[in-house]
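The structure under discussion appears below in the form of structure tokens.
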Protein chains: 2
Amino acid sequence: MESSPKRMPTLDEVAQRAGVSRTAASRVINNAPHVSRAKREAVERAVRELGFVPNPTAQALATRRVGAVVLAVSSDEPGLFADPFFAEVIVGVSAALEPTDLELVLLLANTPRGRDRLERLLRSRRADGVMLMALRGDDPLGRLAEQTDLPVVFGGLPLTGEPRWYVDADNRGGARLAAEHFVRTGRRRPVMITGQLDTQVSAARERGFTEGLALAGVPLLGVEAGDFTEDGGAAAMERLLAAHPAPDALFTASDAMAIGALRTLRTHGLRVPEDVAVIGFNDLASARHTAPPLTTVHQPVRSLGREMARMLVGAIEGNDPGPLILPTRLTVRESAPDLPTAD
Amino acid sequence: MESSPKRMPTLDEVAQRAGVSRTAASRVINNAPHVSRAKREAVERAVRELGFVPNPTAQALATRRVGAVVLAVSSDEPGLFADPFFAEVIVGVSAALEPTDLELVLLLANTPRGRDRLERLLRSRRADGVMLMALRGDDPLGRLAEQTDLPVVFGGLPLTGEPRWYVDADNRGGARLAAEHFVRTGRRRPVMITGQLDTQVSAARERGFTEGLALAGVPLLGVEAGDFTEDGGAAAMERLLAAHPAPDALFTASDAMAIGALRTLRTHGLRVPEDVAVIGFNDLASARHTAPPLTTVHQPVRSLGREMARMLVGAIEGNDPGPLILPTRLTVRESAPDLPTAD
DNA sequence: GTGAAAGCGCTAACAT
DNA sequence: ATGTTAGCGCTTTCAC
């Protein structure tokens, strides 16, 4: 047995009750011109009395505008979304959507089925636009996104190609700040833990870090790939220590990995920051609660969400807002203090 | 200038191309019976060639089923949603929705405008069902949710009244576990920090804790209200210490507040767990990273989301799944170890 | 200013 | 098995 959706008052009923044509009623509701004061008031009363709310589906069909945008998070790992990062993005997106009357559809495309849905969605006018995040490698979704005629805003760049609309944080610049900080505070044997190699964020952060060091003539002792998770960070740190027993600085492409690495360092009896200075990336709440508190590259995550949504709304309205790169900065805490530490 | 939504192939075009009636085409697409093999194949080919995907809006209008459910988070604080708690709920909801073809609409109703939208949504058939979370006090939304004929599943109970469908964690039972743990490990001067007094979770956790203590004949030394945030927890702890200088155990209604309280305790030179044992509530990632790691009441957050979605899907399909209470358990870590600590 | 009529793209009786 | 006919509830020409 199916629940029978109860009927709600229709525009015709409003019109009838107000003693006007459906056309007039429609005009009043969309406060269009060409309606006499009298009729307008009659309709308004009827609307109130009947508790009428226009049926969005019917409106969508008639206007060819759905009134919704999608935020799609594509990724293989089921847990990825649990990262507070996304919560923060969503808050930003939601805030930017608030003044519009666009609904937010959330699509976690972590399974094959989820990806299918996303794909269908891109060709089916189920939304007026799409925000796409966390694309891995050169995900075919990227290409698909170009074929659709729905506006698509990327959150972060895909590995290859440059989409028409995207918002990204200055990952390269931020990583460079980390390198400069290490150099300035006298560290000379830095190592790094990257994210998955097929992600653009990871590549950009690695590149920025390397550049920053190179500019100061400091060689990068070693690099290992993590997967943006704590455990991945811990494991990568083990591998790093096996190959390079005495690093004096560690930069990780995410806070989560830094947290994992801290664990490993402790296990090996290495003190932070005395023996090894550590810098992470993101600066979400968790960075403040590590022991010691984590120095990290701050990324304006909420703004990222906000700007993505704004850009999408612009695109839907027919504008062509260019891409946007948001600034990053270094948040210094105890894990890599600003003054040279006593060794 | 508005972006002109490009036209996509329609069912009629598919039918025409396949040389069959629209009805036949429709039948194939919804793989309904009564289509000859030949026709079926012809249609399938046409679909492939044209890249046809049915227009969900039109389907929705015709079937009176929107194909979407809403997850609404009502709250006054803008930041509340940034709590990893919700990310976890969403992962659960999303997983449960995966096998269905329901889309997830996310509504953060933290502003007046947001609440308006939620209200309209409840009367406008923009979705087939609603999940409602984090209702404060006796939010009028609760009543509204009862008037609508859309199925509504509550996540957590509202302060007053018992909705037809809800999923909740066993807050009372969990809090009781905390009390018992304190008693068992020899603590006799416990204090508590609650959440906002007008939330059901807070009330349930306070009640459970009090009951647990009462059963053992241990009096509750003091209670202060926080607001589920770190800073709120820190402030509440200050007030508690002002009134009761020497508690030996602290239970907080959330991990975030416990983290704040830890800060305050440290400031006052009190050691955890030696001087004061601390137990929080939630057991999300952050609890593992406090210093010392936090003993806390574990709540199956992802399951909560999953079960809410399942319940809603059931309700949409016309079943009447009863309410559901999910078990909680104590996760013991260093902030309140299991064996009596040496004083 | 006003209303009739023709869609929007699909589904669901109801005949055949 | 197949097609015809009405809708679903709203918007939008277009003629008055």
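Below, chain A is the first sequence line, B the second, and so on; all start at residue 1.
Taking the side chain of A:H34 as heavy atoms from C-beta on, and the options C:dG9, D:dT2, C:dG1, the nearest nucleotide is C:dG1. Distances were taken from every side-chain heavy atom of A:A62 (C-beta onward) to each of C:dA12, D:dC10, D:dA6; the shortest belongs to D:dC10. In this structure, the nucleotide among D:dT2, C:dA12, C:dC8 sitting nearest to the side chain of A:R64 is C:dC8. Candidate nucleotides D:dG9, D:dG3, C:dT2 were compared by shortest atom distance to the side chain of B:L61, and D:dG9 ranks first. The side chain of A:S36 lies closest to C:dT2, out of C:dT2, C:dC8, D:dG9.
C:dC8 atom P lies 21 Å from atom CZ of A:R126, rounded to whole Å. Atom pair A:R22:CZ and C:dA5:C1' shows a separation of 9 Å (rounding to whole Å applied). With rounding to whole Å, B:Q16 atom CD is found 14 Å from D:dG3 atom P. B:R65 has its CZ atom 23 Å from the P atom of D:dG7, to the nearest Å. Atom CD1 of B:I29 is separated from atom P of C:dG9 by 14 Å (rounded to the nearest Å). The nearest whole Å value for the distance from the CZ atom in B:R37 to the C1' atom in D:dA1 is 16 Å.
Among B:M311, B:E307, B:R164, B:R310, the one residue that satisfies the side chain to side chain contact (heavy atoms under 4.5 Å, CB included) test with B:P321 is B:M311.
OP1 or OP2 of D:dA1 has not a single side-chain nitrogen or oxygen of B:K39 nearer than 4.0 Å. For C:dC8, neither phosphate oxygen OP1 nor OP2 lies less than 4.0 angstrom from any side-chain nitrogen or oxygen of B:N55. Within the structure, a side-chain polar atom (N or O) of A:Q59 is placed less than 4.0 Å from OP1 or OP2 of D:dT11. Side-chain nitrogen and oxygen atoms of B:S26 include at least one within less than 4.0 Å of the OP1 or OP2 phosphate oxygen of C:dT11.
Residue side chain B:T23 reaches the base of D:dT4 through a donor-acceptor N/O pair under 3.5 Å, judged by distance alone. With hydrogens and angles ignored, a donor-acceptor pair closer than 3.5 Å exists between the side chain of B:R27 and the base of D:dG3.
Residues A:S21 and B:L11 both approach DNA chain C. Their nearest nucleotides, taken by heavy-atom distance, put A:S21 toward the 5′ side.
Looking only at distances, a side-chain donor or acceptor of B:R117 sits under 3.5 Å from a matching main-chain atom of A:L102. Within the 3.5 Å criterion, the main-chain N or O of B:F85 finds a donor-acceptor partner in the side chain of B:D83.
Atom CZ of A:R45 has 12 or fewer heavy atoms from other residues, nucleotides or ligands within 6.0 Å.
Remark: the B:T148 side chain and the B:R123 side chain contain no N/O donor-acceptor pair separated by less than 3.5 Å.
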